[in-house]
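Every heavy atom of this structure was used, including side-chain atoms; hydrogens, water molecules and symmetry mates were not. Being a predicted model, the structure only gives us computed values, none of them experimental.
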Amino acid sequence: EVLEETGEWRGTRIVFDLKQKQNDAIVLFEHQGWREATDMMHHCSTKWGTFMMSLKSLLEHGKGAPFPNDVHIE
């Protein structure tokens with residue numbers, strides 16, 4: 001649970017659920033508990049997707065795209 005943030009993230013929960021399917025690792029991710037659907041919530045949802053793709057690339061190919069080389073979303 002996000003406790004230190006004073007903005008829209010406060011009180012939300014970031015959840016990673018790891019599962020195994022044969023030889024594959026499955027990462028299920030949720031950012032739960034937003035009070036309302038705001039522009040920030042939609043921005044964060046898209047940004048989390050880019051982070052997950054970066055993590056996938058890092059694990060599969062040895063190179064991700066962390067900040068400041070991540071996908072910039074305005």
Side-chain angles (χ1 to χ4, degrees):
E1 183 173 351
V2 179
L3 301 174
E4 298 296 321
E5 171 68 34
T6 59
E8 295 179 46
W9 280 47
R10 186 173 183 83
T12 63
R13 290 166 304 288
I14 299 169
V15 179
F16 291 90
D17 186 14
L18 305 175
K19 298 182 184 241
Q20 185 171 352
K21 184 176 180 181
Q22 297 171 350
N23 292 330
D24 295 326
I26 308 294
V27 179
L28 301 174
F29 171 83
E30 292 182 78
H31 190 164
Q32 307 169 337
W34 292 87
R35 289 183 290 277
E36 59 183 313
T38 64
D39 288 344
M40 174 59 81
M41 184 204 74
H42 294 294
H43 171 84
C44 290
S45 178
T46 302
K47 198 65 175 176
W48 278 121
T50 67
F51 293 149
M52 295 296 114
M53 295 302 294
S54 175
L55 177 60
K56 181 179 189 297
S57 179
L58 176 65
L59 295 172
E60 292 178 350
H61 306 288
K63 183 169 170 99
F67 180 83
N69 300 313
D70 57 332
V71 176
H72 297 276
I73 299 170
E74 301 281 334

ask   = Where the side chain of S57 meets the backbone of K63, is there a donor-acceptor pair that is under 3.5 Å apart?
value = yes
inquiry  = Within the 4.5 Å heavy-atom criterion, are L18 and V27 side-chain neighbours or not?
reply    = yes
task = Decide yes or no for E30 and D17: does some side-chain heavy atom of the first lie under 4.5 Å from some side-chain heavy atom of the second?
result = no
inquiry  = Would you say CE of M52 has more than 12 non-hydrogen atoms from neighbouring residues, nucleotides or ligands within 6.0 angstrom?
reply    = yes
query = Got a donor-acceptor contact below 3.5 angstrom from the Q20 side chain to the Q22 backbone?
reply = yes
ask   = Is it true that a side-chain atom of E5 and a backbone atom of G7 form a donor plus acceptor pair closer than 3.5 Å?
value = yes
inquiry  = If hydrophobic clusters are built by linking Ile, Leu, Val, Met, Phe, Trp and Tyr wherever their side-chain heavy atoms come under 4.5 Å apart, do V2 and M41 end up in the same one?
reply    = yes
request  = Please name the pair of heavy atoms, one in A65 and one in S54, separated by the smallest distance, quoted to 0.1 Å.
outcome  = N-OG, 2.6 Å
message = Nearest 0.5 angstrom please: K21 NZ to I26 CD1, how far?
response = 6.5 Å
inquiry  = Just checking F16: does its CZ atom have more than 12 heavy atoms from other residues, nucleotides or ligands closer to it than 6.0 angstrom?
reply    = yes
inquiry  = Do I14 and F51 land in one hydrophobic cluster if side-chain heavy atoms of ILVMFWY residues count as linked below 4.5 Å?
reply    = yes
note = To the nearest 0.5 Å, atom NE2 of H31 lies from atom CH2 of W9 at 5.0 Å
query = Is the W48 ring parallel, tilted or perpendicular to the F29 ring (thresholds 30°, 60°)?
reply = tilted
query = What are the two closest heavy atoms between R35 and E8, and how far apart are they?
reply = NH2-CA, 3.7 Å
task = Please check if the side chain of K19 supplies one atom and the backbone of D24 the other of a donor-acceptor pair under 3.5 Å.
result = no
key: Hydrophobic cluster membership, L55 vs V15, 4.5 Å side-chain cutoff   = no
